[in-house]
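A quick note: this is a predicted structure, and the numbers were derived from the prediction, not measured.
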2 protein chains.
Amino acid sequence: MRTHQVVSAWLEQELAAGRLHIGSRLPGERTMAERLGISRASVREGTRVLEALGVVRAGVGSGPQAGTVITGNPSLALDSALRLHVASAHLRVKDIVETRLLLETWAAAHASPGSPSLERAARLLDEMDRCDDGPAGFLQRDALFHVALAEAAGNVLVGAMMGSLRGSIEDYTQRLTARLPEWGATSQRLRREHRAILDAVLEGRGEHAAELVQDHIEGFYRESGIHSEG
Amino acid sequence: MRTHQVVSAWLEQELAAGRLHIGSRLPGERTMAERLGISRASVREGTRVLEALGVVRAGVGSGPQAGTVITGNPSLALDSALRLHVASAHLRVKDIVETRLLLETWAAAHASPGSPSLERAARLLDEMDRCDDGPAGFLQRDALFHVALAEAAGNVLVGAMMGSLRGSIEDYTQRLTARLPEWGATSQRLRREHRAILDAVLEGRGEHAAELVQDHIEGFYRESGIHSEG
DNA sequence: TACGGGCTGTGGTCAGACCACACAAGCTAT
DNA sequence: ATAGCTTGTGTGGTCTGACCACAGCCCGTA
């Protein structure tokens, strides 16, 4: 086992044993190095990995917010991994869009009508009705709306994946939007569809909501000129 | 931006510009440090992150296999991230099983009958008929069969996720198997179901294959005593 | 009481050293 | 001439020890 991996191995043990949990502070790097019998450089490499995986957050200074703290942020790992793998052309945008569609229809079908995420989703829709800062602001709230919807299904993993997928294709979406002939008409349609989706979920008609989501997403891509970029 | 991040930023640029691609060798750490104007320690931290994300593989020595090489292995990031987030109780096994079911039924419905992955899947089924090394060997091939099936859908992302999800719940599955009253009867049923799934896919009856997959997975968990552990 | 500055511990970064490894080239003994 | 060993070279892996910036805490002072 490589030296820096003793850090994640140790952390996994501590978590499993219940001695550490989300919110706990890790010992200082120097302490940890001595305790694990490795150098501080190796501790740091291990910590960087944990940070990249969204398991930990490092902060300088002193006080309660400082030091290395255990977080639970799986989307961080997905975010950067997706970015780089898309850049290396190992992942195609088509796959990501496809996966997003898959996750999102499932989430719509399984969303719990009573989830507080739905209230956040509703507020986002209100903001989108009022907002006049152009497509950029609209799309940002649009993305958050879809993520909120995914979280309403109560599956942390699906929620995290959705968030990262949205992020990784955000540039792509922005470019697609630029091709739209009439933003005004499109945004009005999108808002109408959002309301319909949210209503279906709130009424517990999951399957119907899933169909609406599918039409909503596919319609957007169709209107803006289909996956012509790899 | 933190110093070690200049490495991933640089790599992303190089990839986007087409100057590097999967299979390329990165410059040596010392060279990179000088070229990027940072210390070797920082280069190493950056490389560790890339390695953890499955973008890169580091190997000592000299020759074609040595040095830091760009790979495309998104599942590596998911693997470790899932392990740790499950350990931190931020992800529940229930969510993972649920997500696996979701991805797998989709893959079965979208698998291309002509995919070479299916030939691998068929070979695995033959091995499972012959193998007599108990549940462990069987389950391992079982897992590979399901991953092969997922890959047949031609979506790299879904394939990678499936692989990682299987891995992260492998321990769990092993424990469930131990509870089964009669392994012989169960394995026979599982093999029969696998054949039926593969046949359905090969015949292009995707929707039917998806139903079979769903019954197959849910049946297994039901028989072995349902998600009683968080 | 209010304020200001130093103290302390945190992560962030760096430089330089040595090690194990694996291949390649060259040397040596057959 | 060839088989086998030796040495050279470049790679990542690890360690040490140093210095920096930062943020909160504590104590002395006005």
Participant: When you check the gap from the basic side-chain N to the acidic O, do A:Arg92 and A:Asp95 get nearer than 4.0 Å?
Facilitator: yes
Participant: Just checking A:Thr47: base, sugar-phosphate only, or nothing, at a heavy-atom cut-off of under 4.0 Å?
Facilitator: nothing
Participant: Would you mind reading off the distance between A:Glu45 atom CD and D:dT16 atom C1', rounded to a whole angstrom?
Facilitator: 14 Å
Participant: For A:Gly63 and for B:Ala58, find the nucleotide of DNA chain D with the closest heavy atom, then tell me which residue's nucleotide is more 5'.
Facilitator: B:Ala58
Participant: Between B:Glu34 and B:Arg40, does any side-chain N to carboxylate O distance fall below 4.0 Å?
Facilitator: no
Participant: Under 4.0 Å from any atom of DNA chain D, heavy atoms only: list the residues of residues 30-40 of chain B that qualify, in numerical order.
Facilitator: B:Arg30, B:Arg40
Participant: Classify the side-chain pair A:Asp79/A:Ser168 by whether it contains a donor and acceptor separated by less than 3.5 Å.
Facilitator: no
Participant: Take the protein atom CD of A:Gln5 and the nucleotide atom P of D:dG13, then report the distance between them rounded to whole Å.
Facilitator: 10 Å
Participant: Measure NE2/B:His4 against P/C:dC14 and give the value in whole Å, please.
Facilitator: 11 Å
Participant: Report the distance from atom CZ of A:Arg2 to atom P of D:dT14, rounded to the nearest whole Å.
Facilitator: 6 Å
Participant: Could you state the atom-to-atom distance from CZ of A:Arg57 to C1' of C:dG11 in whole Å?
Facilitator: 12 Å
Participant: Quick check on C:dG11: is either OP1 or OP2 less than 4.0 Å from any side-chain nitrogen or oxygen of A:Thr68?
Facilitator: yes
Participant: Using the rule given for ring pair (Phe, Tyr, Trp, His ring centres under 6.0 Å), can you reason through B:His146 versus B:His194, listing the C-alpha separation, both sets of side-chain angles and the distance that settles it, and then say yes or no?
Facilitator: CA-CA 9 Å; B:His146 284 272; B:His194 287 154; 5.5 Å; yes
Participant: May I ask you to decide whether B:Arg44 forms a salt bridge with A:Glu45, counting only side-chain N to carboxylate O separations under 4.0 Å?
Facilitator: yes
Participant: In terms of the nearest nucleotide of DNA chain C, which residue is placed more toward the 5' end: A:Gly61 or A:Ala41?
Facilitator: A:Gly61
Participant: Do the charged groups of B:Arg130 and B:Glu127 touch, with an N to O distance under 4.0 Å?
Facilitator: no
Participant: Using a cut-off of less than 4.0 Å, is there contact between a side-chain N or O of A:Ser42 and OP1 or OP2 of D:dC15?
Facilitator: yes
Participant: When the distance from CD of B:Glu29 to C1' of C:dA15 is rounded to whole Å, what number comes out?
Facilitator: 15 Å
Participant: At 4.0 Å (heavy atoms only), tell me whether A:Arg44 reaches a base, stays on the sugar-phosphate, or touches nothing.
Facilitator: base
Participant: Output a table of donor-acceptor pairs, distance under 3.5 Å, between side-chain atoms of residues 62-73 of chain A and any protein atom two or more places apart or on a different chain; print 'none' if there are none.
Facilitator:
| from | atom 1 | to | atom 2 | distance (Å) |
| --- | --- | --- | --- | --- |
| A:Thr71 | OG1 | A:Gly54 | O | 3.2 |
| A:Asn73 | OD1 | A:Ser75 | OG | 2.9 |

Participant: Scan B:Arg48 against the nucleic acid and name what it touches under 4.0 Å (heavy atoms): base, sugar-phosphate only, or nothing.
Facilitator: sugar-phosphate
Participant: Nearest to the side chain of B:Val60 - C:dC14, D:dT14, C:dC21?
Facilitator: C:dC21
Participant: Would you tell me if any nitrogen or oxygen in the side chain of B:Thr3 comes within less than 4.0 Å of OP1 or OP2 on C:dT13?
Facilitator: yes
